[in-house]
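Remember, it's a predicted structure, so these values are computed and weren't measured experimentally.
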Amino acid sequence: MKIAFFDSGIGGLSVLHHAMKILPNDEFIFFADEDNVPYGTKTREQVLSYVDAAFKFLTAQNVGAIVVACNTATSVAVRPMREKYSLPIIGMEPAVKVALDLYPQKKVLVTATEITIRGEKIQRLITRLNAKNFAYLRALPKLVNFAERQEFNSDAVEKYLRDEFAAYDFKNFSSIVLGCTHFNYFKDTMRKILPAHMKILDGNAGTLNQLVRLANLQVGEGKKNPPVEYFYSGRRVTAREELARLENYLRRLDEMELI
Ligand code: DGL
């Protein structure tokens, strides 16, 4: 089956990267809305219109399922897209449940974009999990910009994260949840700064489990060079330097997977 992965930018590659390793029989489209990234600092109306345009494009590409590999787009637009289209649409959910299942009664730092943090969807999740006293929310918008310009582990990234984390005494925390797919590129810096007991959790495995279930896919060992078509906001990426840029992200994700 041809499966589309959609994100505001290159964050969604972290979900595709995982999919390529476990889905040997499928083909992939990756759509990064590079004309409009970042989404997290825009209005909900703007994000909805970007997602609407992306879905118009993707549903014309003969895909069997669309993975919204973006927490922000999921938070704003997954419901209306499901009302509009009948193919399986799989969204992201910050891995708060995973954290609380593994470590009940421990606090969790949930990081995401501003829209996701301010949105109703995350509040509903916290209420459903009875996690009001455990989930601490923090927007880390600058990580999206750092990721888009391939600035992964500079002094500026480290200082930004140290400053943002300074507000917490992590003694009673079990984990940090990466509630934005762009944040996966910074696991090494987070590992360096956070106390050793802090787990770093993302929602990628949960999203792919849902994809496998809803699209009825077969899991196995992924191909070495799986077929992927890349698009920036609907334009096919063919330029050598842009393909090299995308490969660089995938290499970075290989490294982050080991952390
Ligand atoms: N990658 C996106 C997410 O998972 C959003 C980043 C952005 O465009 O602000 O939330």
Taking the side chain as every heavy atom from C-beta outward, state whether [X] and [Y] have any pair of such atoms under 4.5 Å apart.
X      : Y      : answer
Phe5   : Ile29  : no
Phe170 : Phe165 : yes
Thr74  : Ile90  : no
Glu164 : Arg138 : yes
Thr59  : Ile66  : yes
Thr111 : Leu178 : yes
Val78  : Lys121 : yes
Glu241 : Arg245 : no

Please check if [X] and [Y] belong to a single hydrophobic cluster, counting links between Ile, Leu, Val, Met, Phe, Trp and Tyr side chain heavy atoms closer than 4.5 Å.
X      : Y      : value
Leu140 : Val110 : no
Met20  : Met92  : yes
Ile193 : Met190 : yes
Tyr232 : Tyr50  : no
Tyr168 : Val177 : no

Heavy atoms from other residues, nucleotides or ligands near [atom1] of [X] exceed 12 (cutoff 6.0 Å):
X      : atom1 : result
Arg240 : CZ    : no
Gln46  : CD    : yes
Asp101 : CG    : yes
Asp163 : CG    : yes
Lys97  : NZ    : no

Pair Arg79 + Glu83: basic N to acidic O under 4.0 Å: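 No, Arg79 and Glu83 are not salt-bridged.
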Just by modelled atom types, is the [Y] backbone N or O under 3.5 Å from a matching donor or acceptor in the [X] side chain?
X      : Y      : value
Glu229 : Arg236 : no
Asp7   : Gly12  : yes
Ser233 : Glu34  : yes
Arg82  : Ile89  : yes
His197 : Phe173 : yes
Ser75  : Asn71  : no
Lys159 : Ser154 : no
Tyr160 : Lys142 : yes
Lys56  : Asp52  : no
Thr116 : Ala112 : no

Grab the two heavy atoms, one from [X] and one from [Y], that are nearest each other, plus how far apart they are.
X      : Y      : answer
Leu125 : Pro94  : CD2-O, 3.8 Å
Ala65  : Ala215 : CB-CB, 4.3 Å
Val144 : Cys180 : CG2-SG, 4.1 Å
Ile10  : Phe30  : CA-CZ, 4.4 Å
Ala156 : Glu151 : CB-OE2, 3.7 Å
Leu23  : Leu217 : CD1-CD1, 4.0 Å

Point-to-point distance, once rounded to the nearest 0.5 Å, from [atom1] of [X] to [atom2] of [Y]:
X      : Y      : atom1 : atom2 : answer
Lys187 : Ile176 : NZ    : CD1   : 11.0 Å
Met256 : Asp188 : CE    : CG    : 3.5 Å
Leu16  : Ile3   : CG    : CD1   : 9.5 Å
Glu255 : Asn153 : CD    : CG    : 8.5 Å
Lys106 : Ser175 : NZ    : OG    : 10.0 Å
Gln123 : Ile117 : CD    : CD1   : 9.0 Å

Verdict with supporting geometry, Arg162 and Glu158, salt bridge (Lys or Arg N to Asp or Glu O under 4.0 Å): CA-CA 6 Å; Arg162 279 193 192 282; Glu158 184 170 335; 3.0 Å; yes
Centroid-centroid distance, Phe31 to Phe6, less than 6.0 Å: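 Phe31 vs Phe6: aromatic centres under 6.0 Å.
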Sub-6.0 Å ring centroid separation between Phe146 and Phe152: no
Donor-acceptor side-chain pairing of Thr181 and Ser14 below 3.5 angstrom: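 The criterion, which ignores hydrogens and geometry beyond distance, is not satisfied for Ser14 and Thr181.
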Chi angles and distances behind the side chain to side chain donor-acceptor pair (under 3.5 Å) call for Asn248, Gln150: CA-CA 9 Å; Asn248 196 35; Gln150 302 182 73; 2.5 Å; yes
Side chain to side chain donor-acceptor pair (under 3.5 Å) between Glu148 and His182, worked out: CA-CA 8 Å; Glu148 286 294 326; His182 277 77; 2.7 Å; yes
Stepwise side chain to side chain donor-acceptor pair (under 3.5 Å) test for Asp254 and His17: CA-CA 8 Å; Asp254 277 336; His17 177 259; 2.8 Å; yes
Criterion side chain to side chain contact (heavy atoms under 4.5 Å, CB included) on Lys199 and Leu102, from CA distance to verdict: CA-CA 10 Å; Lys199 301 280 176 271; Leu102 284 171; 5.9 Å; no
Residue pair Leu161, Leu143: steps toward the side chain to side chain contact (heavy atoms under 4.5 Å, CB included) verdict: CA-CA 9 Å; Leu161 286 175; Leu143 288 188; 4.0 Å; yes
Intermediate values then yes/no, side chain to side chain contact (heavy atoms under 4.5 Å, CB included), Val67 and Thr207: CA-CA 8 Å; Val67 177; Thr207 295; 3.8 Å; yes
Verdict with supporting geometry, Leu87 and Val63, side chain to side chain contact (heavy atoms under 4.5 Å, CB included): CA-CA 9 Å; Leu87 82 173; Val63 295; 3.9 Å; yes
Pair Glu93-Arg128, salt bridge (Lys or Arg N to Asp or Glu O under 4.0 Å): steps then yes or no: CA-CA 13 Å; Glu93 180 171 276; Arg128 178 154 45 87; 3.5 Å; yes
